Protein chains: 2
Amino acid sequence: MTFVARRNRARCPTHPGVLLREDVIPATGRTKSEIAGLLGISRQHLYDILGERKPVSPSVAVRLGKLFGDGAGVWTRMQAAYDTWHAEQNEDVSGIPTIRAKAA
Amino acid sequence: MTFVARRNRARCPTHPGVLLREDVIPATGRTKSEIAGLLGISRQHLYDILGERKPVSPSVAVRLGKLFGDGAGVWTRMQAAYDTWHAEQNEDVSGIPTIRAKAA
DNA sequence: ACTATCGTCAACAAATAGCTTACATTGGCC
DNA sequence: GGCCAATGTAAGCTATTTGTTGACGATAGT
């Protein structure tokens with residue numbers, strides 16, 4: 001028996017909004033309204049992200065990357081993992097076969 | 001002088017459609033119309049992806065992952081890299097400062 | 001009492017994913 | 001030549017979704 005590098009995740013990857021809400025923003029000591037202003041997005045939009053109702057779009061990701069000094073990549077990757085997981089849950093791919101490179 | 005792990009990419013990351021068009025689909029020996037059918041998406045949609053006009057959405061990523069036996073992750077990551085790079089090119093973040101964790 | 005922040009809701013604008021239908025072109029194959 | 005399948009693109013449409021503004025009540029600080 002061998003261990004395959006499974007990419008089945010039992011649990012949902014955390015939405016980037018959680019990281020922002022729980023860790024990153026508190027660490028700055030700034031108000032959320034102020035953060036929204038610095039990011040150049042509406043206050044409502046930030047709250048939607050923090051509430052995990054809206055995704056971190058590429059546009060927002062680069063803004064977060066600039067504001068917090070890490071790159072956009074962190075935020076992009078978190079969001080991509082989140083999106084992919086949910087797509088895997090919701091999409092019915094049972095009708096799609098797995099094909100191999102052609103024989104000939 | 002030290003080398004920082006730069007994430008500045010001079011060149012645009014390749015759109016996943018290119019990989020599909022140049023390598024993956026040819027290796028199967030199937031027609032593109034057939035591939036579209038197997039994926040459960042419209043022929044037009046596949047051509048838009050191959051022509052780099054439409055992105056590989058999470059939904060399409062899991063379909064590709066199933067059809068070709070690799071996971072959705074490959075396609076998701078390629079698309080994310082592509083999207084992020086373009087966002088970095090187009091977004092003006094010059095007005096956004098970089099802040100640090102609070103002093104107090 | 002006043003003010004700022006908080007968290008949410010509603011309505012709207014803009015962009016986008018994905019579909020159908022249609023068209024012209026190419027390349028077998030009989 | 002005639003026929004058919006595959007190719008590549010375009011136009012138009014729908015549904016969804018990102019992001020906005022404006023408003024509302026609640027809470028806390030001064």
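Please read these numbers as outputs of a predicted model, since none were measured by experiment. In what follows, chains carry the letters A, B, and so on, assigned in the order in which the sequence lines appear, proteins first and then strands, with residues in each chain numbered from 1.
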Short side-chain N/O contact to C/dT8 OP1/OP2 from A/R53, under 4.0 Å
yes
Are B/V56 and B/M78 close enough that some pair of their side-chain heavy atoms sits under 4.5 Å apart?
no
Any side-chain N or O of A/S33 below 4.0 angstrom from OP1/OP2 of C/dC6?
yes
Give, for atom CD1 of B/I96 and atom CD of B/E91, the distance between the pair rounded to the nearest 0.5 Å.
8.0 Å
Side chain of B/R21, backbone of B/Y47: donor and acceptor closer than 3.5 Å?
no
Output the rounded distance in Å from CD (A/E52) to P (C/dT8).
11 Å
base_contact_polar (D/dG8 base, B/K32 side chain, donor-acceptor, <3.5 Å):
no
What distance do A/T98 atom OG1 and B/F68 atom CZ have between them, rounded to the nearest 0.5 Å?
10.0 Å
What is the distance from CZ of B/R30 to C1' of D/dT7, rounded to the nearest Å?
19 Å
Nucleotide D/dG8, atom P - distance to NZ of B/K54 in whole Å:
17 Å
List in numerical order all residues of residues 34-50 of chain A for which some heavy atom is under 4.0 Å away from an atom belonging to DNA chain C.
A/R43, A/Q44, A/Y47
From the candidates D/dG19, C/dG18, C/dT5, the one with an atom nearest any side-chain atom of A/T31 is C/dT5
Please answer whether the main-chain N or O of B/K54 pairs with a side-chain N or O of B/H15 as donor and acceptor at a distance below 3.5 Å.
yes
Under a 3.5 Å distance rule, please check whether B/T28 uses its side chain to pair with a backbone N or O of B/I25 as donor and acceptor.
yes
